[in-house]
Amino acid sequence: MSAAGEHSGHYDRGVSKESATSTSRSAPATSASPRVVTRFAPSPTGHLHIGGVRTALFSWAYARRHGGSFMLRVEDTDQARSSESSMRGILEDLAWCGVDWDEGPGFVDPIGRPIGGDPRNVGSFFQSQRLEIYDRVIAEMLESGLAYPSFDTPEQLAALRKEADGKKEAFRYKRGAGEDPKGAMDRMRSGEPCVVRFANPDRVVNVTDEVLGEVRFGPEHTDDFVLRKADGFPTYHFAVVVDDQTMGVTHVLRGQEHLNNTPRHVALQIALGYRTPVYAHLPLIFNMDGSKMSKRDKDKAVREACKGAALSAEAVSAMLEEAGTATTVADVRRWQDDKTRQLGSDQLRGLAQRLQIVLPEIDVEDFRRAGYLPEVICNYLALLGWNPGQKNADGTDVEKFDRAFVSANFSLDRIGKTSSKFDRVKLGSFNQTAIAAMSDAEFAERFRDWCDVFDQMMLQRFDHDRMTLLCAAARPRVKTLSEVASKAGPVGFALVSDDEVVYDPAAVEKALRKPVEMEAGRPPTTGAELVRAFGVELASVEPFSA
RNA sequence: GUCCCGAUCGUCUAGUCUGGUCUAGGACACGGCCCUUUCAAGGCCGGAACACGGGUUCGAAUCCCGUUCGGGAUACCA
């Protein structure tokens, strides 16, 4: 058993007998390099961020490329912020993107294929259900002096931080020299609330990153960070190290914001005798203005629009009521006065619609609602920080590809080091091209599926044939599915009553006024007039594509 | 503040490791023209970048150092 090479670490000695033995058994025990296992480990505290999809996509592609397995693990160790519903949403969004996981929570994708499962028997994929494993490691560490209980109050910690700040130093928590270890253990055993900290030895930690190269972190980086919180749950740093080891994760792809966390993880791995996985830190993705792409952006956009329109709290409240998301004037006022407050996503959507602004898309769900195709999102995302470095026959770069291409060509050495800005215009162009390349039938089907989720009204207003007609007319000139209704082109008539059709004066001048004037002696002003002027029946208007 | 990372057209990037083939290529966007009864789409053409300063070298976008700028981390969040 202990011949399992890389896996014969600490946990074989009893951290988690069950998962340890089973992991080792199914791992290729004779091989020095175990089968590739990558993972995506979201924390279920909100929707799936578009940047997260790229991390997942790359992790997925790397596993596919190397015949390995892609795991999804739910990091729900923040009891206050984690929720079941956001976990479900994340699984759904990931599956919608076509990024399917070989191991992880069970799920059925949109076409009825089961995703997930636990083929290697590594145990639960929810960290909240792995507490026993963490506790066993903690007990050992406490026993061997690798960890110790700590009783500081938040106020004490704040004071220490302030002190360090005053000295213009980075705050690093280290165990007090004169502390009595036995006394501390006794206090903990007596039930006094405490955290457990890592007795982190001062040492230089060299992190080898496949993207950034060798990064040296001096001893000033070590601190006795918390392993287990007072509520008994593990911290991220601890859970991630234990899980990556016990679940046989070989390659960790994650955002560059984690680079500074890596020496902590490596220090823990060394102390515990764990293997260090291969790390690849992905460059960050920002908004076009260089700011962080965050959920707050939506709130910010609405806030600015309200301010720009000089809307009173009463007016906003009325709008919200109209939108079916009633909120009291007092609440609106509180929101207006406090920039840290945020409106709910339904409220923001309702206001955006009434204010005629487009909310910035941040989460997968936003892009989906806007009518971007999942395969296009994956294509565009893959190009952010990675590129295949291949040329087409005409000398242009290979830029348009599907997920299969990514999984066949993905490699860590083609990941860039520089952060990128998310360009929705280019995404839109890719989406338009993809739509233009579809058949009318396929597009109509896609649009119906989209309506099924986001626009039931549309489905009720149009029977199958009329919908087909509408889609055929809209397809060549539309960037997203949500634009079908607004840019229906020649059959735009069909969507509003004749009298409501308002024409762009320049277009009327250029194409319609002169011919109609010759007939009627004056310019037409409404759709109804035009129809009369031309003497045609609406039903006879056929969609055409130029 | 301290530590860490980064720097090629407006944006995403190729080229950098292995210096010359780079008067720096592609894509999106932009401008012009063509096509066109509208809007799109398509075709052709165009403007547009190696952050700055020092080295090393016959030769630097490419290697080294510094400066500047940008970003990240500095939690009982992940």
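Proteins get letters first, then strands, A, B, ... in listed order; numbering begins at 1 in each.
- Counting to the nearest Å, the C1' atom of B:C12 and the NZ atom of A:Lys421 are 11 Å from each other.
- Protein atom CD of A:Gln256 is 6 Å distant from nucleotide atom C1' of B:C5, rounded to whole Å.
- Of the two residues contacting RNA chain B, namely A:Pro283 and A:Leu259, the nearest-nucleotide position lying further toward the 5' end is that of A:Leu259.
- Pairing of B:A7, defined by two Watson-Crick or G-U wobble distances under 3.5 Å, is identified with B:U68.
- Remark: A:Arg161 is in phosphate contact with B:A75, judged by side-chain N or O atoms under 4.0 Å from OP1 or OP2.
- Phosphate proximity of B:G70 to A:Ser419: absent, as no side-chain N or O sits under 4.0 Å from OP1 or OP2.
- Atom CZ in A:Arg172 sits about 10 Å away from atom C1' in B:C4, given to the nearest Å.
- Here B:A78 presents its P atom at 8 Å from CZ of A:Arg81, a figure rounded to the nearest Å.
- When side chains are defined from C-beta on, A:Val196 does not count as touching A:Met141, because their heavy atoms never get closer than 4.5 Å.
- Of the nucleotides present, none pairs with B:A14 by Watson-Crick or G-U wobble criteria with both distances under 3.5 Å.
- Following rounding to the nearest Å, A:Arg414 (CZ) and B:C12 (C1') show an atom-to-atom distance of 14 Å.
- Distances shown here put a side-chain N or O of A:Ser420 below 4.0 Å from the OP1 or OP2 atom of B:U13.
- The side chain of A:Lys229 contributes an N or O atom lying less than 4.0 Å from OP1 or OP2 of B:C77.
- Using modelled atom types, no side-chain atom of A:Asp224 and backbone atom of A:Ala199 make a donor-acceptor pair closer than 3.5 Å.
- Two residues are said to be in side-chain contact when any heavy atoms from C-beta on lie closer than 4.5 Å; A:Arg264 and A:Val240 fail this criterion.
- Side chain of A:His49 to backbone of A:Met293: a donor-acceptor contact under 3.5 angstrom is found.
- Between A:Arg475 and B:A41, a side-chain N or O to OP1/OP2 separation shorter than 4.0 Å is absent.
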